[in-house]
> 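Following this message is one structure expressed as structure tokens.
Read the numbers this way: they start at 1 and go in the same order the structure lists the ligands and their atoms. What you are looking at is a predicted structure, and each value in this text was computed from that prediction instead of being measured.
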Amino acid sequence: MGIGSACGKVILFGEHFVVHGAPAIAASLNRKAVVEVAVSDSNDIITEQTVVPEMSRNAIAAILESMEIDKKFNVYLSGDLPTFGGLGSSAAFSVALVRALSDEFSLNLTCDEINRHAYAGEKTFHGNPSGIDNHMATYGGLKSFRRSENGNIIKPIPLDRKLHLVVSFTGKFSNTVAMVDSVKRYANDSSDSFKKLFDDYIELELQAEGALEKGDIKAIGNFMNANHILLSEIGLSIEENDRIVETALKAGALGSKITGGGGGGCCISLAKDEMMAHSICRHLDFGGFPSFYSVVV
Ligand code: PMV
């Protein structure tokens with residue numbers, strides 16, 4: 001039985017804008033998807049997590065085809081990365097599956113090969129993924145990522161101090177494909193407004209990168225709030241997302257925003273230190289939003 005794992009991620013800045021060519025900034029989460037594979041008569045996913053079995057089976061088939069493996073597998077998914085949407089769980093599943101298959105057949109794949117095969121799986125989940133999620137699941141770290149026809153542009157961001165984050169679930173699973181489609185419609189139907197939001201985001205990202213390098217957490221928090229407003233203007237924030245942001249800020253967070261697809265899914269909030277992060281977690285849990293602490297180093 002081959003086994004593999006991969007981490008989830010949060011997007012600190014730039015979800016959706018990244019699909020349209022802007023740079024986004026993402027950090028890996030210290031939570032993982034773990035996958036084990038066993039040869040079987042058909043492809044199937046076996047897990048206690050909430051997944052869409054048909055999508056998972058399509059991803060398994062796409063990855064097997066990309067890796068030129070002419071067999072079928074039962075794929076067991078476990079680990080502590082929730083599949084709520086927003087935390088890159090489909091990409092973590094894809095990367096962990098490629099690693100498990102590499103283990104099963106002793107392929108010793110390089111990270112670049114793992115990332116490439118995993119992207120084939122991501123496409124069956126997301127249609128037109130930017131590639132940021134599978135990159136983060138493969139390599140981890142804190143990175144700025146810009147998609148490009150001639151090879152994605154990826155830059156590690158040196159961090160001057162730890163970032164103490166709270167990750168909260170709205171209670172509504174995010175449908176990333178539907179959200180990416182709704183942004184595409186907005187960009188087509190309201191092209192002037194979208195261009196303005198896109199340009200505002202580009203300006204924000206540049207400054208946010210500087211704030212991260214300097215470890216200016218107050219400024220980082222303010223940029224997170226500003227990013228949430230831009231996402232809200234495109235219609236990506238539902239009431240539960242806004243309630244998390246409001247609750248976190250009231251509880252002392254320096255900033256709070258949607259992370260990932262939005263329309264539910266998850267939000268992240270920035271705390272000044274670990275103690276504060278646990279206090280914010282408690283407020284959000286109490287408000288009905290299951291939350292966990294994660295640190296970016
Ligand atoms: O919801 P998640 O964790 O799959 O994140 C999606 C991030 C998007 O920017 C919305 C889509 C993409 O492909 O980059």
Side-chain angles (χ1 to χ4, degrees), residues 6-29 31-33 49-52 55-56 59 79 81-96 115 118-140 143-148 152-154 165 167-170 172-187 194 197-198 201-202 204-205 227-228 230-238 240-241 244 257-268 292 294:
C7 62
K9 64 92 202 40
V10 286
I11 295 186
L12 296 172
F13 298 101
E15 47 278 277
H16 290 286
F17 294 110
V18 67
V19 175
H20 296 263
I25 300 176
S28 51
L29 277 175
R31 292 204 165 208
K32 285 188 166 168
Q49 298 256 33
T50 303
V51 295
V52 183
M55 272 186 156
S56 306
L81 178 67
T83 54
F84 304 143
L87 306 181
S89 56
S90 60
F93 170 74
S94 298
V95 172
N115 191 30
Y119 188 64
E122 258 299 81
K123 280 201 280 194
T124 70
F125 283 111
H126 283 189
N128 176 29
S130 62
I132 190 169
D133 285 12
N134 46 286
H135 177 90
M136 294 306 295
T138 306
Y139 301 92
K143 307 262 175 72
S144 87
F145 175 103
R146 184 175 209 150
R147 89 188 292 189
S148 157
N152 299 326
I153 302 159
I154 295 136
L165 295 179
V167 181
S168 308
F169 178 42
T170 54
K172 297 206 166 142
F173 282 73
S174 169
N175 181 341
T176 304
V177 181
M179 292 300 119
V180 169
D181 276 355
S182 78
V183 176
K184 195 171 159 197
R185 271 199 307 280
Y186 183 95
F194 185 72
L197 294 172
F198 188 88
Y201 169 71
I202 296 280
L204 182 157
E205 194 276 340
N227 195 166
H228 184 75
L230 295 180
L231 295 171
S232 302
E233 290 198 27
I234 312 177
L236 294 163
S237 189
I238 62 168
E240 287 81 353
N241 294 111
I244 290 178
K257 65 182 276 292
I258 284 174
T259 192
C266 292
C267 290
I268 47 170
F292 64 88
S294 190

> Return yes when atom NZ of K143 has more than 12 non-hydrogen atoms of other residues, nucleotides or ligands closer than 6.0 Å, and no otherwise.
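Enclosed: over 12 neighbouring heavy atoms sit under 6.0 Å from NZ of K143.
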> With a 4.0 Å cut-off on heavy atoms, does G86 reach ligand 1?
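Contact present.
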> Show me which atoms of ligand 1 lie under 4.0 Å from any heavy atom of G88.
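Ligand 1 atoms under the 4.0 Å threshold to G88: 3 (O).
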> May I ask you to test the T176-H126 pair for a side-chain heavy-atom distance under 4.5 Å?
yes
> Which option wins on minimum heavy-atom distance to atom 9 (O) of ligand 1: E122, M179, H16?
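The option holding the nearest heavy atom is H16.
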> What atoms of ligand 1 come within less than 4.0 Å of a heavy atom belonging to P129?
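The atoms of ligand 1 under 4.0 Å from a heavy atom of P129 are 13 (O).
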> Counting each atom of ligand 1 from 1 as listed, which ones have a heavy atom of V18 under 4.0 Å away?
9 (O), 14 (O)
> Which of parallel (below 30°), tilted (30 to 60°) and perpendicular (above 60°) describes F93 and F125?
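Ring orientation of F93 relative to F125: perpendicular.
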> Calculate, to the nearest 0.5 Å, the distance between atoms CG and NE2 belonging to L236 and H228 respectively.
9.5 Å
> Can you sort out which atoms of ligand 1 are near G260, meaning under 4.0 Å from one of its heavy atoms?
1 (O), 5 (O)
> Suppose we call two aromatic rings close when their centres sit under 6.0 Å apart. Are F13 and F17 close by that rule?
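Centroid distance F13-F17: not below 6.0 Å, so no.
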> Tell me: protein heavy atom nearest atom 12 (C) of ligand 1, and distance?
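Closest protein heavy atom to atom 12 (C) of ligand 1: S130 OG, 3.4 Å.
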> Does the N or O separation between K9 and ligand 1 drop below 3.5 Å for any pair?
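Yes, there is a polar N/O contact under 3.5 Å.
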> Suppose we measure from atom 6 (C) of ligand 1 to each protein heavy atom; which comes out shortest, and what is that distance?
T176 CG2, 3.7 Å
> Would you mind checking which non-hydrogen protein atom is closest to atom 2 (P) of ligand 1, with the distance to 0.1 Å?
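Minimum-distance protein heavy atom for atom 2 (P) of ligand 1 reads D133 OD2, 3.5 Å.
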> For the 3.5 Å polar cut-off, considering only N or O atoms, please tell me whether I11 and ligand 1 meet it.
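Among all N and O atoms of I11, none is under 3.5 Å from an N or O of ligand 1.
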> Using a 4.0 Å cut-off to any heavy atom of E15, which atoms of ligand 1 qualify?
9 (O)
> Return yes or no for this condition: an N or O of S90 is under 3.5 Å from an N or O of ligand 1.
no
> Can you tell if the side chain of Y119 reaches within under 4.5 Å of the side chain of P129, non-hydrogen atoms only?
yes
> Testing R147, E122, K123, K184 one by one against N128 for a side chain to side chain donor-acceptor pair (under 3.5 Å), which residue passes?
R147
> Does G131 reach ligand 1 with a nitrogen or oxygen that is under 3.5 Å from one of the ligand's nitrogen or oxygen atoms?
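No; every N/O pair is 3.5 Å or more apart.
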> In ligand 1, which numbered atoms sit nearer than 4.0 Å to a non-hydrogen atom of I132?
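So the atoms of ligand 1 that pass are 14 (O).
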> Working to the nearest 0.5 Å, report the span between OG of S182 and CD1 of I234.
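Spacing of OG (S182) from CD1 (I234) equals 8.5 Å.
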> Under 4.0 Å from any heavy atom of H126, which atoms of ligand 1 are there?
4 (O)
> Are side-chain heavy atoms of H135 and S130 found at a separation under 4.5 Å?
no
> Determine which pairs satisfy side-chain hydrogen bond (donor to acceptor under 3.5 Å, both in side chains) with at least one residue from residues 9-21, sequence neighbours left out, and list them in order.
K9-D133, E15-K257
> Out of curiosity, is S174 lining ligand 1, as in a heavy atom under 4.0 Å away?
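So S174 does not count as touching ligand 1.
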> Do L230 and L204 make a side-chain contact, defined as non-hydrogen atoms from C-beta onward lying under 4.5 Å apart?
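They are in side-chain contact.
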> Looking at ligand 1, does any of its N/O atoms fall within less than 3.5 Å of an N/O of V19?
no
